[in-house]
Colleague: 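First the structure, then my questions, so here it is.
Because only heavy atoms are used, hydrogens play no part in the values below, and waters and symmetry mates are left out as well, while side chains stay in. The residues of the chain are indexed from 1 along the displayed sequence.
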Amino acid sequence: MTETAAGITTGAVARRLGVSPTTLRSWDQRYGIGPAAREDGRHRRWSPADVEMLEAMCRLTTSGVPPAEAARVARARAGRQPGEPAGEQSRRQPRDASDQPAPDRTASAPPPAHAPGSGNGLPLDKVHQEFRGLARAAVRLDSPTMHALLRDLVAEHGLVAAWEEVMAPTLHAVGRKWESSGDRYVEVEHLLSWHISTALRQLIGSASPRGHVNPVLLACVPAEQHTLPIEALAAGLAERGLPTRMFGAAVPAEALDAAVRRLGPTAVVLWSQARSTASHALARHVADMSFGVRGARTHPLVLLAGPGWAGRATAPGMLRPGGLREALDILVQRCTGGPHTDAVRHPGG
């Protein structure tokens, strides 16, 4: 998009911010969030400063600030007087920089409107707010807002609620938008995925795993590229102080075999997104592997994670969890000697 001295059109600004032109016109009419100057007194032409004010408005409303208050803050940051009609700023003499209002840093991160849920997730209205905020920031390609929203979401509600009720649904919604719009929004899905992955890895890096526990090995089966669900599982295990080894996408069978033999993991999580990638022969091979001293050799528990494994009965030594929460429960009990340990013993193992 080329920005000329005359400014850019409302349609161009709307595409940049990921909002509709109708929304921009409504903000102008209701809250005075309009261009400082108009072509021929009628057509809206947005200058870089006007666009910066709109970006502030978008960030504030995404964070949950009511539109009227968000407009007040955005206008103040842009140097607009309270109640000043659009266009008046261009007729006023510029003020000295020292007279400009200080940025209102608290408004961009308001306190949560509702208390967190009591172990069963977020309240429904909070879910809708967080979902809309993250989705809108993704469509705008607004990296700073996505980073802040994801960081605060995990810190306030924990990994499981953040993943199951906001992160995964937003990813699915963006994916559906892409599929239904003729390959548009691919960039949105890629940027959102990167930010979610970053948030998950930061949680893993900040955790302090407990000692004297063999790690949980996590890997995508060969030809499987979708890693975010097992990154979420790794983050959940880290949140609970359990060590992990993440091998990522499309791990070759030979590499997986070598890693299991070298690590002697408590459990192995194999992710398959599609039935075409789910290899039951590989899962059986991993479940049959044993390690340890003679007379006390053990087998890893194998978790068949992801929709690719659906429709087939599990063999001894394997479990198929229904989601992140169930997978975490199984692995925590396995690592701490809980009741799931006995359920996967092998005859003669």
Side-chain angles (χ1 to χ4, degrees), residues 116-124 127 130-131 153-154 157-173 175-176 193 196-197 200 203-204 215-221 224-242 244 246-249 251 265-284 286-287 299-345:
S118 56
N120 295 315
L122 286 67
L124 186 59
V127 170
E130 301 285 3
F131 174 87
L153 181 66
V154 173
H157 301 291
L159 182 279
V160 174
W163 172 260
E164 291 186 340
E165 301 188 37
V166 179
M167 293 180 183
T170 306
L171 283 166
H172 293 158
R176 288 194 301 270
S193 297
I196 289 178
S197 177
L200 297 173
L203 183 59
I204 296 170
V216 175
L217 188 157
L218 303 102
C220 290
V221 295
E224 180 57 68
Q225 299 293 332
H226 294 80
T227 64
L228 280 177
I230 56 171
E231 289 181 45
L233 179 55
L237 292 168
E239 199 175 47
R240 288 153 178 78
L242 297 176
T244 62
M246 165 64 77
F247 287 83
V251 180
T266 300
V268 176
V269 180
L270 299 177
W271 177 266
S272 170
Q273 182 74 19
R275 295 187 67 176
S276 59
T277 67
S279 171
H280 289 269
L282 176 61
R284 178 73 271 166
V286 173
H299 302 264
L301 167 64
V302 175
L303 261 62
L304 305 179
W309 301 105
R312 293 279 297 272
T314 57
M318 304 182 197
L319 293 173
R320 190 169 63 235
L324 175 61
R325 199 179 298 267
E326 184 180 350
L328 285 170
D329 287 344
I330 292 171
L331 291 171
V332 167
Q333 292 173 5
R334 171 72 171 180
C335 292
T336 57
H340 278 291
T341 304
D342 293 337
V344 295
R345 297 179 76 90

Colleague: Is there a donor-acceptor pair under 3.5 Å between the side chain of T170 and the backbone N or O of V166?
Modeller: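 Checking the backbone N and O of V166 against the side chain of T170, a donor-acceptor pair under 3.5 Å is found.
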
Colleague: Look up atom CD in Q273 and atom OG1 in T227, then write down how far apart they are to the nearest 0.5 Å.
Modeller: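 So the gap between those two atoms works out to 10.5 Å.
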
Colleague: Please report the closest heavy-atom contact between R334 and L301, naming both atoms and the distance.
Modeller: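 In this case the closest contact between R334 and L301 is NH2-N, 3.5 Å.
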
Colleague: Show, in sequence, the C-alpha distance, side-chain angles and deciding distance for V221 and S279, and conclude whether the side chain to side chain contact (heavy atoms under 4.5 Å, CB included) test is met.
Modeller: CA-CA 7 Å; V221 295; S279 171; 5.6 Å; no

Colleague: Verify side chain to side chain contact (heavy atoms under 4.5 Å, CB included) between T277 and Q225, making sure each step is shown before the conclusion.
Modeller: CA-CA 10 Å; T277 67; Q225 299 293 332; over 6 Å; no

Colleague: How close do V251 and G248 get, counting heavy atoms only, and between which atoms?
Modeller: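 Looking at all heavy atoms of both residues, the shortest contact is CG2-O, 3.5 Å.
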
Colleague: If I compare all heavy atoms of A232 with all of L159, which pair ends up nearest, and what's the gap?
Modeller: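 What the structure gives for the nearest pair is O-CD1, 3.4 Å.
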
Colleague: My understanding is that only one of V216, L303, V286 makes a side-chain contact (heavy atoms from CB on, under 4.5 Å) with V268; could you say which?
Modeller: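 Answer to the side-chain contact (heavy atoms from CB on, under 4.5 Å) test with V268 among V216, L303, V286: V286.
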
Colleague: Would you indicate whether the side-chain heavy atoms of M167 and L200 approach each other to under 4.5 Å?
Modeller: yes

Colleague: Going by the side-chain contact (heavy atoms from CB on, under 4.5 Å) test, name the single residue among L228, L233, I230 that passes it with W271.
Modeller: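 Going through the options one by one, the only one that passes is I230.
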
Colleague: Roughly how far, to the nearest 0.5 Å, is the CG atom of L331 from the CD atom of E326?
Modeller: 10.5 Å

Colleague: Using a 4.5 Å cut-off on heavy atoms from C-beta on, say whether the side chain of L324 contacts that of P229.
Modeller: no

Colleague: Please report the closest heavy-atom contact between A267 and P300, naming both atoms and the distance.
Modeller: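 Residues A267 and P300, closest heavy atoms: CA-CB, 4.4 Å.
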
Colleague: Hey, are the side chains of I196 and E231 touching, using non-hydrogen atoms and a 4.5 Å cut-off?
Modeller: no

Colleague: Output every pair passing ring pair (Phe, Tyr, Trp, His ring centres under 6.0 Å) with a member in residues 308-330, not counting sequence neighbours, ordered by first then second residue.
Modeller: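 Listed by first then second residue: H280-W309.
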
Colleague: Grab the two heavy atoms, one from L328 and one from L237, that are nearest each other, plus how far apart they are.
Modeller: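 Scanning both residues completely, I find the closest heavy atoms to be CD2-N, 3.6 Å.
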
Colleague: Would you sort out whether S272 and L304 count as a side chain to side chain contact (heavy atoms under 4.5 Å, CB included), showing the intermediate values?
Modeller: CA-CA 8 Å; S272 170; L304 305 179; over 6 Å; no

Colleague: Using the test salt bridge (Lys or Arg N to Asp or Glu O under 4.0 Å), find all partners of E239 that sit at least two apart in sequence or belong to another chain.
Modeller: none

Colleague: Could you tell me which non-hydrogen atom of C220 sits nearest to which non-hydrogen atom of A249, and how far apart they are?
Modeller: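 Looking at all heavy atoms of both residues, the closest pair is CB-CA, 3.8 Å.
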
